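Treat the numbers as computed from the prediction; the structure is a model and nothing was measured. Here is how names work: the chains are called A, B, and so on, in the same order as the sequence lines, proteins then strands, and each is numbered from 1.
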Amino acid sequence: MNETLLINAENISHQFANKPVLQDINLQLHRNQITTLIGPNGAGKSTLIKILLKILTPTQGRVAHHHNLMIGFMPQKIHIDPTLPLTAKRFLQLGLNNVQKRNAQKPGNYHSTGLEGMAEELGIRALLNQPIQGLSGGEMQKVLLARALIRNPDLLVLDEPVQGIDLQSQSQIYQLIHSQQQKRQCAVLMISHDLHLVMKHTDQVICLNQHICCSGTVQSLRDHPSFIAQFGQTLPEHALYQHQHTHCQHGDAHGD
Amino acid sequence: MAIDHFMLLALAGGLLAAWLAAPLGVFVVWQRQAYFGETLAHSALLGIGLGLMLQLNLTLAIVITSFLIVFGLHSLRRNAQLASDTLLGILAHGALATGLVVLSLQGNIQLDILGYLFGDILSIHPSDLIWMLVIGLLLIGFFSRHWHDLLNLTLNSELAQVEGVDVKRLQLQMALLLALVIAVAMKIVGVLLITSLLILPAASARRLARTPEQMLGYSFILATISVLIGLTLSYYADLPSGPAIVVSALGLFLLLLFKKQT
C-alpha cells in the first residue's frame with residue numbers, strides 16, 4: 001500500500017439473509033482527501049461504512065487498512081442508558097483509552113490537542129461536567145466529534161453527522177468538521193443525505209445505491225447524467241439536495 | 001455450637017454471592033440485560049437437571065447449558081424474526097419448565113426443588129465457598145483489566161470496536177462469567193430470585209452515584225447491607241433466607257427512591 005492510501009476496498013459485496021445490500025464496490029480513501037458518500041435510504045451507506053471500518057466482514061471482497069491507521073469515528077446515533085452516571089468529560093476521557101499505546105508507536109507530527117483544548121475549540125467546554133444523557137442533539141454531536149478528534153485520527157469517519165438536529169447546529173458542525181480537517185490535514189469520509197454545505201469542500205463524491213452509481217469530483221460529476229438528475233442542471237454554490245433516485249435502479253442504464 | 005457454624009457458612013456464602021453479583025449487576029443494568037440474566041438463571045435449573053441425569057459436575061453442567069442457551073439465542077435472533085424479549089421469554093421459561101420436567105424424571109432421588117428455585121443457604125458447603133473465591137479472583141482480574149473497555153462497549157459497541165476493543169470476545173467472556181456466578185450464587189437465592197441480586201443493588205446505587213466507579217462501590221455496600229439484614233431476619237424470624245435477602249434489597253431500593261437522584 002502506498003503512503004497516501006489509507007483504506008483500499010476491493011470488490012466488496014455484501015448480503016443480509018440472501019438479500020444483496022452491496023454489489024462489487026471498489027473504493028480508495030487517500031490521506032487529506034474529503035469523500036462524501038451519498039445515496040437514498042437503504043442504499044447500503046451505513047453497511048459500507050461498517051465494512052470499511054472492519055466492524056462487519058463483507059460476504060465477498062477485502063478491505064485493507066494502512067499500517068497503524070488511526071480512525072476517529074462518529075456513529076450515526078448513540079443511546080446511552082440513563083442508569084450509567086457519566087459526564088461529558090468522562091465520556092471524552094474514555095475515548096482516549098486505547099490511544100496512548102497506539103500513538104506511541106506512530107512517528108510523525110500530529111496535532112496534539114488536550115481534552116480541554118479540544119473542548120474549547122469545539123465550544124463544548126461548558127458541557128464537560130454535565131451528564132451525557134442531558135445534552136441536546138446538537139451538543140451530543142459536538143461531543144461525539146470531539147471524541148473522534150482527540151484521537152488525532154488520520155481518517156475521520158462521520159455517519160450522518162447532522163441528522164436530526166436543528167439547522168443552525170448543522171452548519172456549525174459542518175464548519176467545525178471543515179476547519180478541523182484543514183487544521184489536521186486528515187482524511188474525511190462522510191455519509192450525507194444532504195450535500196449543500198459540504199459540497200464546496202468535497203474532493204470525491206460517491207453516489208451509492210447498492211452499487212456505485214457514479215463517483216468523482218463535484219466538477220466532473222456536474223455533467224454526469226446520473227448526477228444531474230439528482231442535483232438539477234445547474235449546481236448553485238449551496239445546492240439544495242433533493243434526492244430523486246428513481247433513475248438509478250439496478251440494471252438501468254445510467255443517463256435516462 | 002452447630003448453629004453458629006451454619007450461620008457463619010451462610011454469612012460467608014451470602015456475602016460472597018452478593019459481591020460476585022455486584023460488578024456484573026452494574027453492567028447488566030447499564031446494558032439493559034436484566035432479562036438476559038433472568039434467562040441464564042432459569043436455564044441453570046435445566047443445567048442441574050441435565051447434570052444430575054448425566055452425572056456431571058453441576059457447576060460445569062450449568063455453565064455448559066447456559067452457553068447452549070446463549071448460542072440458541074443468537075441463532076434464533078438471526079432466523080426467527082421475533083423480538084428479543086419474546087425470544088428471551090421463550091428460552092427462559094422453556095428452560096425452566098424443561099429443567100423441572102427433567103428433575104422430576106429422576107424419580108428415585110430425593111430432590112429439594114424448592115431449594116433450587118428459591119435458594120437454600122443451609123446447604124452451603126465449604127467447597128462452595130472455595131468455588132466462589134476462585135470465581136471472585138477471575139472477576140477481579142477481568143474487571144480490573146477491561147473496566148474501561150467494558151464501559152466503552154456499554155456506550156456504543158461499534159464505536160468501541162473502531163477504537164480497538166475486542167467487542168465479541170469481551171461479550172462472550174462476560175456471558176461466561178455471568179453463567180459462572182449464577183451457578184455458584186443460586187444456592188443462596190435460587191434461580192428465580194438471582195436476577196434481583198444482580199439488579200437491585202445496582203439500581204439502588206444509581207440514586208447515590210455520580211460516576212460508574214461510585215455506582216459499583218455503592219452496589220457492593222448495598223449488597224452487603226442486604227445480605228446482613230436478610231440473614232439476620234432469617235435467623236431470628238425463621239424466614240427463608242434467599243427471599244429475606246431479596247426483600248431487604250428491595251427495602252433499600254424503595255428507601256432510596258425518596259432520595260433525589262444525583
Side-chain angles (χ1 to χ4, degrees), chain A residues 16-18 46-47 49-57 65 68-103 129-134 140 143-144 147-148 150-151 153 155-159, chain B residues 25-34 75-81 145-168 170-171 198-219 253 256 260-262:
Chain A
F16 282 125
N18 295 323
S46 289
T47 306
I49 291 263
K50 282 178 200 167
I51 288 170
L52 292 175
L53 292 173
K54 294 187 172 178
I55 294 172
L56 199 65
T57 310
H65 283 188
N68 254 342
L69 175 66
M70 180 62 83
I71 298 175
F73 176 47
M74 189 170 159
Q76 192 176 83
K77 49 179 179 277
I78 177 165
H79 173 81
I80 300 172
D81 198 87
T83 54
L84 181 62
L86 201 74
T87 59
K89 185 174 185 177
R90 186 70 199 281
F91 178 81
L92 292 177
Q93 284 168 343
L94 281 169
L96 288 167
N97 187 32
N98 286 320
V99 169
Q100 274 86 359
K101 54 188 176 204
R102 286 179 67 172
N103 266 349
N129 290 320
Q130 288 186 26
I132 191 93
Q133 293 92 348
M140 188 63 206
V143 170
L144 281 173
R147 176 153 170 160
I150 44 176
R151 298 166 61 75
L155 170 66
L156 196 56
V157 178
L158 314 157
D159 190 351
Chain B
V26 288
F27 279 99
V28 165
V29 167
W30 292 335
Q31 297 181 358
R32 302 180 169 216
Q33 300 255 21
S75 65
L76 281 174
R77 268 191 188 143
R78 234 174 293 137
N79 302 315
Q81 300 200 321
R145 182 150 170 232
H146 297 298
W147 180 256
H148 290 111
D149 284 347
L150 287 166
L151 284 177
N152 276 327
L153 187 164
T154 304
L155 289 170
N156 184 284
S157 64
E158 287 174 357
L159 185 57
Q161 200 168 340
V162 173
E163 290 178 354
V165 178
D166 192 343
V167 168
K168 288 217 171 88
L170 281 186
Q171 280 173 334
L198 289 166
I199 61 176
L200 265 174
S204 310
R206 178 64 185 101
R207 312 293 299 182
L208 304 165
R210 290 168 178 275
T211 67
E213 291 75 19
Q214 281 182 9
M215 188 155 147
L216 177 65
Y218 283 120
S219 282
F253 173 76
L256 283 167
K260 198 174 154 284
Q261 175 131 12
T262 49

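- When all heavy atoms of B/Leu159 and B/Asn156 are compared, the closest pair comes out as N-OD1, 2.8 Å.
- In this structure, CG on B/Leu155 lies 5.5 Å from CZ on A/Phe91, to the nearest 0.5 angstrom.
- Heavy-atom distances place no part of B/Asn79 under 4.5 Å from chain A, backbone and side chain included.
- Only the side chain of B/Glu213 comes within less than 4.5 Å of a heavy atom of chain A; its backbone N, CA, C and O stay farther away.
- Residues B/Asn152 and A/Arg147 share a closest heavy-atom pair of OD1-NH2, 2.7 Å.
- Residue with the most contacts toward chain B among A/Ile132, A/Ile80, A/Leu94, A/Leu86: A/Leu94 (heavy-atom pairs, distance under 4.5 Å).
- B/Glu158 touches chain A through backbone and side chain together, each having a heavy atom under 4.5 Å away.
- Closest non-hydrogen pair, A/Asp159 versus A/Ser46, comes out as OD2-OG, 3.2 Å.
- The minimum heavy-atom distance linking B/Val29 with A/Asp81 is given by the pair O-OD2, 4.2 Å.
- In this structure, chain A has heavy atoms under 4.5 Å from both the backbone and the side chain of B/Val165.
- Using a 4.5 Å cut-off between heavy atoms, A/Ile78 touches chain B through backbone and side chain atoms alike.
- Looking at every heavy atom in both residues, A/Val143 comes nearest to A/Leu92 through O-CD2, 3.4 Å.
- Interface remark: A/Lys54 contributes backbone atoms only to the contact with chain B (heavy atom separation under 4.5 Å).
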